[in-house]
Every structure is written in C-alpha cells, then in structure tokens.
Amino acid sequence: MTATDERPAMLRTFPAGFVWGTATAAYQIEGAVDDDGRGPSIWDTFCRVPGAVARGESGDVACDHYHRWQEDVDLMKDLGAGAYRFSVAWPRVMPDGRGPVNRRGLDFYRRLVDALREGGIEPYVTLYHWDLPQALEDRGGWRVRDTAERFADYAEVMYESLGESVSNWITLNEPYCSSIVGYGEGRHAPGAKEGEGALAAAHHLLLGHGLAVARLREMARPGQRIGVTLNMSPTVPVTSSPQDVDAARRMDLLVNRQFTEPLFGGAYAADMAETFGRITDFAFRRDGDLEIIGRPVDYLGVNYYYRLHVEAAPYEEADPALRTAFDLGARTVSPEHARTSGLGWVVEPEGLYETLVGLTSRYPDLPPVYITENGYGDDGVLEDEGRIDYLRDHLTATRDAMEAGADVRGYFCWSLMDNFEWARGYSARFGIVHVDYETQARTPKASFHWMRDFIADPVVTGPVTVSPATTGPVDILVAGTPRSERPAGD
C-alpha cells in the first residue's frame, strides 16, 4: 500500500469564517527583559546555566518586539491575517508572580491589543507560554499547588486589564513541555530531572488551567471564549510486535493522554498508575481536582509538528548526568527514507490528520479545534520552498480532517517571525518573516508571500493525502502502521 491515495485532484476551499493567523510567544520575541519593571523568569535563569542553551544565547533582546511591536503589527496587516496568537509574559505583569501588579507591563499589552483591533486583527491571548516568574519557581514552581492558585490570580489580573478588548483567551501552551521537558528531562527551564516533580507539575498546570477557567468564567462577557493549547503527536509503533505497540502506548500516555484524558475524558488516564507507579503515589492529587481540571472550555488549541515513531528499548544512557526520570522502555526513531525539515524533524502531514480525527473519535464532547501552531524549521533562507511545501501539505491534511468530521475552526502558522527557539537559541528559524538579529531588520520570506495569497484564496488541491493509517476512523492517539513487518529488534 502506498502513502498516497491517487484520487483525481480536487479543488476544495476552506469555509467562510475560518480563522487565519500567526503565532508567537513572549520570551521568544519580546526581549527587553529588564525594561519597565519586568521581573526575571525561569528562562532568564536557565539561559545563564552553562551549556543549557546553544552558544549561551538568551531571549534578552530576541526580536526586540517590545519596542518594535507596531512594525510587527504592520507585517500582520500586510499578510492579511485575521488573528494573532501571542502570549503575555507573567513576570512582566507580576514580577514576583503574585502581589503588586506592574502597570507599565500591562500598558504594553494594552497598546498591542489596541493596535491589533485597529488593524482588524483578532487577538488570541495565551496566558502562559513557559516563562514562569522565577520568584514562584523559588517557592517550588509548578511542583506545588500554590503556583496553580497564583496562576488563577494572574488570569484575573489580565482579564481585568484586557477583558473589554480580548474575546479569545488561552490558559496554557503545551503543558507537556512545561512539565515533562522542563521538570523531568531538564532540556527546558527550569532544567530539573525529577520523576514525581514532573508529574506533579503536569497535574498542577492542569489544575491551574481549571482554576483560571473558573475565574475567567465569572467575569466573562457574552461571546468571550476560553481555551487551552496542547502539543499533540500521534505515536506510531515501529513494528507490529507487542513490545513496540506497548512502547508506543506508553509514549502516547506521557505526551498526549496524560493531558487529554482529564481535560476531555473525565478521568485520569487508566494506565497512569501502571506506568508511573514506581515514580510517584500521586499524593499531589486531591479530591475534586478532576472536576476543576475538566471544566468545559470553548475550544482546544492543537500544536502539531510531527509524529513519534516508537520502538521498545532498554534504557541505555550510561552517563548518570544525562539520565531522566522517565524510563519508559521506549525510544523514538526516524523512519527510513523519511522526508525531513531543515532541522531534521520528520515531515508527516498525515499525522495532523490522525491527530484531528483521532481526538474527534476519542472524545465525543470535544470542543471546536484551532490549530494554534504548525510550522517548519530551517536555517532562515529567504526562498524557503521547504516551508511552503510544508504549509501547503498540512493545510491539505487539515481540510481532509474537516471532511472526515473534525470541527476545525482556524489555523495559526508558527511563526510570524524568526525568534529565540528555546534551547536551540537562534540557530533554528521558523518564521515566515526573516529577522536579522544584528540589525533587527524584518524581511518577508517567500512563504510570507505564499501565505498571503493563500489567505486571500484558501483553496487546496488533490491528490488528497491519505496514509495507510488514516483510511478509516482513527479511534486512539496511538496511530499509524508499522514502518515494516520485520521482527522487533532486527
């Protein structure tokens, strides 16, 4: 069976009212880390740990968006974007994470939102995109329940400031990265390698989300909506062996179901205790938490970049300094002859189809979905044909999923411009606008012009991309078919 269904080409348009936008994150673009009363975040601290970030780089200046925001809004207007998803830097608004509010920080976001509104661009405000105030980390960070409660207070502050101008709110961005990558694997801030601490962080992030939803609901005006964004990666077993299939299930739990089940399934994932019981007794859970976490939201943001191809494997890291607390007996591998991005990430648009249709199948009460991040990393070339191909193929997969029943309402390209790409520093570029970090000059890439034309006339053509894994209903997030039928371990 081939990876492409050779049906005749078809012209298919996205429906009227579909939201087209771009996305960024505060620490990745704002810079100005010491300006106007901003407090330090965990990423300010992490960037100063030797070896934590490539070449010792940081977001101190980044794209200087704090001072050049009007230029960036003008770029969005030129693109024809109808929406902009950005995040608020919690330490810019509340330098200690609680207590006094920094009015100068709030004023920056007021000016930005007013300019977006004047330009006909709908703001989608993400309250947390990984930059926890360092003062809260010093008191335990997301490991402790207090941080979830402080997050609800912060959400209330932001609504009181922007509630008259912002209709779309997103509580969290990618709690998997904040918790497992940050507290378990040590690759992101705060750089911890803890088992129970990471799982507690995941729980408290979800709890903070639920508490913030309740607080925002109390204040919300008619028509205002609240959502949450998750990064989703279908896990594909490398072979059909029971060992590989089970390894893919465990990886699916860690990355996906740990978050989707309590949010949309009404329960903690059934295999949490089996998989993580040796790490924690889950004492950080309290009666009533599940009801708080599962409060209904108006939409789900999905960030998709790639599938995870998984095989069973013993834990082989010999250097104790490099070990993490999550020995799943599984590892990810690149499929043979895979198409990859400029960063070496596997490009599989069918995985986006699997994600959207799989969520729809698994959770009957799933709210409408917005693709809040989807993008292609390279070295910043201006004639970025690889990015154009990536965007075209993933938009086709999105339209396929909509035809299969997924209720997708919008698409936000990651990212508006090249920026600080976390532990990769400035070497990885995802923008449709090139940034010269020496001069801060912005230059639209070929993909910017392609995206502008597409937004004006959002039509995709066939042949429709259908992989063997997506020829029928997708019921679970463990998706795909084996890379080959060779015996496991061969």
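Every value quoted in this text rests on a predicted model; they were computed, and no experiment measured them.
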Output yes when a side-chain donor or acceptor of [X] lies under 3.5 Å from a complementary backbone atom of [Y], and no otherwise.
X    : Y    : value
N102 : R92  : yes
N231 : N303 : no
H129 : N173 : no
Q258 : L254 : yes
Y183 : G195 : no
E57  : Y426 : yes
D418 : R429 : no
N256 : L253 : no

So, [X] versus [Y], ring centres under 6.0 angstrom or not?
X    : Y    : answer
W169 : Y159 : yes
Y124 : F412 : yes
F108 : Y66  : yes
F430 : W345 : yes
W130 : F46  : no
Y370 : Y411 : no
H203 : W142 : no

**Asked** Does the ring of Y154 carry R98 above it, NZ/CZ under 6.0 angstrom from centre and within 45° of its axis?
**Response** no

**Y390 six-ring face occupied by R387 cation (under 6.0 Å, within 45°)** = no

**Asked** For E122, which residues count as a salt bridge (Lys or Arg N to Asp or Glu O under 4.0 Å) partner, sequence neighbours excluded?
**Response** R117

**Message:** I'd like to check the side-chain hydrogen bond (donor to acceptor under 3.5 Å, both in side chains) partners of R215; sequence neighbours left out, ordered by chain and number.
**Reply:** D153, E156

**Request:** State which residues pass side-chain hydrogen bond (donor to acceptor under 3.5 Å, both in side chains) with N419; sequence neighbours excluded, sorted by chain then number.
**Result:** Q28, S415

Pair [X]-[Y], side-chain donor/acceptor within less than 3.5 Å:
X    : Y    : value
Y363 : E261 : yes
D146 : H204 : no
T24  : Y84  : yes
T235 : R307 : no

**Prompt:** Hey, does R38 have a side-chain heavy atom less than 4.5 Å from the side chain of D44?
**Reply:** yes

**Complete:** Of H394, H309, R339, the one forming a side-chain hydrogen bond (donor to acceptor under 3.5 Å, both in side chains) with E348 is H309

**Prompt:** With a 4.0 Å cut-off, would you call R250 and D252 a salt bridge?
**Reply:** no

**Request:** In sequence, state the C-alpha distance, the side-chain angles, and the governing distance for Q134 and S41, and then conclude on side chain to side chain donor-acceptor pair (under 3.5 Å).
**Result:** CA-CA 5 Å; Q134 183 61 43; S41 77; over 6 Å; no

